[in-house]
Amino acid sequence: MAYGFGVHRCMGNHVAEMQLRILWEKILAKFPKIEVVGDVECLTSNYVSGIEKMPVRIPT
Ligand code: HEM
């Protein structure tokens with residue numbers, strides 16, 4: 001759903017996924033432990049699904 005569907009499906013989805021993979025590799029290399037510390041709130045939308053809020057704690 002996030003990249004659309006049909007003839008207008010996102011042309012950059014593989015670039016976007018590669019960028020996200022690299023981003024998470026860098027974040028997790030620097031902060032290997034990320035704890036979820038509160039309730040997760042989901043997005044209310046008929047168009048996209050996703051997370052609105054997810055409180056986390058990064059121990060230093
Ligand atoms: C997380 C990142 C991205 C998301 C969530 C996303 C999402 C989408 C969605 C939902 C559509 C369809 C829009 C519609 O149905 O009218 C779309 C179209 C498109 N996206 Fe992405 N996109 C992302 C990243 C990118 C990147 C990095 C590029 C280019 C390098 C790109 C290029 C395009 C193009 C050219 C279209 C139009 C395709 C067409 O109309 O035939 N997108 N994108």
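In this text, all values refer to a predicted model and were calculated from it rather than measured experimentally. Remember, it's 1-based here, ligands and their atoms both numbered in the order they're listed.
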Which atoms of ligand 1 sit under 4.0 Å from any heavy atom of [X]?
X: V7; answer: 41 (O)
X: G4; answer: 10 (C)
X: A16; answer: 1 (C), 2 (C), 24 (C)

Could you grab the distance from atom [atom1] of [X] to atom [atom2] of [Y], nearest 0.5 Å is fine?
X: T60; Y: K33; atom1: OG1; atom2: NZ; result: 12.0 Å
X: M18; Y: N13; atom1: CE; atom2: CG; result: 11.5 Å
X: F31; Y: I34; atom1: CZ; atom2: CD1; result: 8.0 Å
X: K53; Y: E41; atom1: NZ; atom2: CD; result: 4.5 Å

With the threshold set at under 4.0 angstrom, would you say R9 reaches ligand 1 through any of its heavy atoms?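 Checking ligand 1 against R9, which is what was asked, there is a heavy-atom contact under 4.0 Å.
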Ion pair check, E17 and R21, cut-off under 4.0 Å: no
Counting both backbone and side chain atoms, is some N or O of Q19 under 3.5 Å from an N or O of ligand 1? no
